[in-house]
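Read through the structure below, which is laid out as structure tokens, and then see the notes.
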Amino acid sequence: REKVLEFYQSQKEKRSFETMLEFPNVGKNGELRWIEQSVVLLQKNGQSIGFQSIAKDISERKFAEKLLADAEQEIKASQEEYQERLQAILDNMPMIIYLKDLEGRFMMVNRQFHQTFGTTDDTVVGQKELGNDYKTADASQRFADADEEVKRTGKPVELEEVLITTEGERNMLIVKFPLYDKS
């Protein structure tokens with residue numbers, strides 16, 4: 001009640017012509033209802049003389065919004081759990097796996113990637129390249145060309161490269177392929 005009164009007192013002081021306020025209200029039967037109230041400040045000769053209000057019961061809408069918010073929270077929790085499971089699977093695979101966005105920035109790398117190149121998420125995620133310490137300039141161009149071919153054709157591309165790892169140079173077969181979303 002106090003917050004509602006303060007709101008309308010502020011409307012009067014600021015001389016706001018029209019306001020809209022949603023607030024909970026407990027009825028005579030003790031039931032909680034949500035009210036949406038549109039209030040027009042009435043003035044005469046520059047003086048506030050009262051309010052004209054239209055109130056609407058929006059309890060069903062608020063209930064639906066709460067159901068939607070709860071469902072979204074449940075979906076988000078499920079997605080986070082799914083993401084954690086996926087990351088655990090990728091982290092325990094004995095091969096280097098990474099995902100890049102369409103601009104070529106690393107979005108995710110697995111544990112084997114970090115162990116092979118001596119990196120961390122902080123040094124890789126969001127970057128376009130690991131830097132020149134891991135491959136030659138020619139290899140960088142071949143990687144970029146392969147990325148473009150995958151984007152252009154939508155088909156996997158294989159290439160062999162010598163990469164510099166924490167254990168020295170290693171000849172690696174790299175398979176790049178597109179990932180699609182629902183659309």
Side-chain angles (χ1 to χ4, degrees), residues 1-115 119-130 147 150-151 154 156 176-183:
R1 179 182 283 259
E2 285 181 22
K3 288 183 180 180
V4 173
L5 290 173
E6 286 175 16
F7 183 84
Y8 293 121
Q9 183 63 34
S10 173
Q11 179 181 2
K12 181 180 173 184
E13 290 170 4
K14 293 178 181 176
R15 294 183 179 214
S16 301
F17 175 70
E18 185 174 8
T19 60
M20 180 81 67
L21 180 64
E22 294 179 1
F23 56 90
N25 185 43
V26 178
K28 291 179 184 179
N29 63 359
E31 186 180 5
L32 177 68
R33 305 299 290 176
W34 276 89
I35 306 298
E36 177 184 84
Q37 191 165 329
S38 173
V39 177
V40 173
L41 181 63
L42 300 175
Q43 296 183 351
K44 185 174 185 181
N45 298 327
Q47 296 293 319
S48 299
I49 59 169
F51 294 100
Q52 178 179 343
S53 302
I54 298 174
K56 179 168 61 170
D57 185 335
I58 58 168
S59 300
E60 287 186 24
R61 186 186 89 204
K62 284 293 195 179
F63 178 71
E65 288 173 354
K66 171 108 173 68
L67 285 177
L68 181 61
D70 290 348
E72 287 174 347
Q73 184 63 32
E74 193 174 310
I75 290 168
K76 183 179 177 189
S78 294
Q79 287 174 332
E80 288 172 358
E81 183 179 344
Y82 175 77
Q83 181 65 31
E84 288 171 9
R85 286 181 184 167
L86 178 61
Q87 187 68 49
I89 290 167
L90 295 176
D91 280 344
N92 288 290
M93 295 190 75
M95 60 185 72
I96 297 168
I97 299 174
Y98 61 89
L99 300 175
K100 283 187 162 187
D101 63 17
L102 291 175
E103 283 75 41
R105 291 184 298 266
F106 286 97
M107 296 169 50
M108 187 277 318
V109 299
N110 72 345
R111 186 179 333 179
Q112 186 64 44
F113 184 103
H114 289 314
Q115 289 172 347
T119 59
T120 65
D121 276 350
D122 291 338
T123 60
V124 176
V125 175
Q127 302 300 314
K128 286 191 174 189
E129 292 212 20
L130 291 178
D147 288 348
V150 169
K151 287 192 289 188
K176 295 181 172 236
F177 58 92
L179 291 177
Y180 295 98
D181 62 15
K182 289 180 184 178
S183 22

- Is the backbone N or O of Lys56 less than 3.5 Å from a side-chain atom of Glu36, with the two atoms forming a donor-acceptor pair by type? no
Counting distance only, does the side-chain N/O of Asp101 pair as donor-acceptor with the main-chain N or O of Met107 below 3.5 Å? no
Q.
If you apply the rule side chain to side chain contact (heavy atoms under 4.5 Å, CB included), what do you find for Leu21 with Val4, and how did you get there?
A. CA-CA 8 Å; Leu21 180 64; Val4 173; 4.1 Å; yes
Heavy-atom nearest pair, Pro156 first then Pro178, reads N-CD, 4.3 Å
For Ile54, does the CD1 atom sit with more than 12 other heavy atoms under 6.0 Å from it, leaving out its own atoms? no
- Mark yes when over 12 heavy atoms from residues, nucleotides or ligands other than Phe63 sit less than 6.0 Å from its CZ; otherwise mark no. no
Distance col, row Ile58:CD1 vs Gln37:CD, nearest 0.5 angstrom, shows 11.0 Å
**Study point:** Exam field: side chain Asn25 to backbone Arg33, donor-acceptor pair closer than 3.5 Å
**Key:** no
Here the gap from Phe106 atom CZ to Thr119 atom OG1, rounded to the nearest 0.5 Å, amounts to 8.5 Å
- Task: Please check if atom CG in Asn29 has more than 12 non-hydrogen atoms from other residues, nucleotides or ligands closer than 6.0 Å.
- Result: yes
> Hey, is Glu72 close enough to Lys76 for a salt bridge, meaning N to O under 4.0 Å?
Replying inline: no
* Asked: Does atom NZ of Lys12 have more than 12 heavy-atom neighbours, drawn from other residues, nucleotides or ligands, at distances under 6.0 Å?
  -> no
Of all heavy-atom pairs linking Gly126 and Arg105, the shortest is O-CD, 3.3 Å
_Please check: side-chain N/O of Ser78 versus main-chain N/O of Glu74, any donor-acceptor pairing under 3.5 Å?_
yes
Next item on the list: Please determine, by modelled atom types, if Asp57 and Ser59 share a side-chain donor-acceptor pair under 3.5 angstrom.
Entry: yes
Separation between CG (Leu67) and CD (Glu65), nearest 0.5 Å, reads 10.5 Å
Those residues at least two apart in sequence (or on a different chain) that pass side chain to side chain contact (heavy atoms under 4.5 Å, CB included) with Glu60 are none
Residues at least two apart in sequence or cross-chain that pass side chain to side chain donor-acceptor pair (under 3.5 Å) with Asp147, listed by chain then number, are Lys176
Closest non-hydrogen atoms of Asp91 and Val109, given as atom of the first, atom of the second and distance, are OD1-O, 4.4 Å
dist Thr19:OG1 -> Gln11:CD (nearest 0.5 Å) comes out at 3.5 Å
Output for pair (Leu90 CG, Gln112 CD), nearest 0.5 Å, gives 12.0 Å
Taking it one step at a time, do Phe113 and Val124 satisfy side chain to side chain contact (heavy atoms under 4.5 Å, CB included)?
CA-CA 10 Å; Phe113 184 103; Val124 176; 4.0 Å; yes
So NZ of Lys44 and CD of Gln47: to nearest 0.5 Å the spacing works out to 11.5 Å
Test side chain to side chain contact (heavy atoms under 4.5 Å, CB included), reference Leu41, set Tyr8, Phe51, Phe17, output is Phe51
- Assess whether atom CD of Glu103 is packed by more than 12 heavy atoms of other residues, nucleotides or ligands within 6.0 Å. yes
Practice problem: Without swapping roles, check the side chain of Ser48 against the backbone of Gln43 for a donor-acceptor pair under 3.5 Å. | Solution: no
Subject >> Test item: Val125 and Met108 side chains (from C-beta on) under 4.5 Å apart, heavy atoms >> reply: no
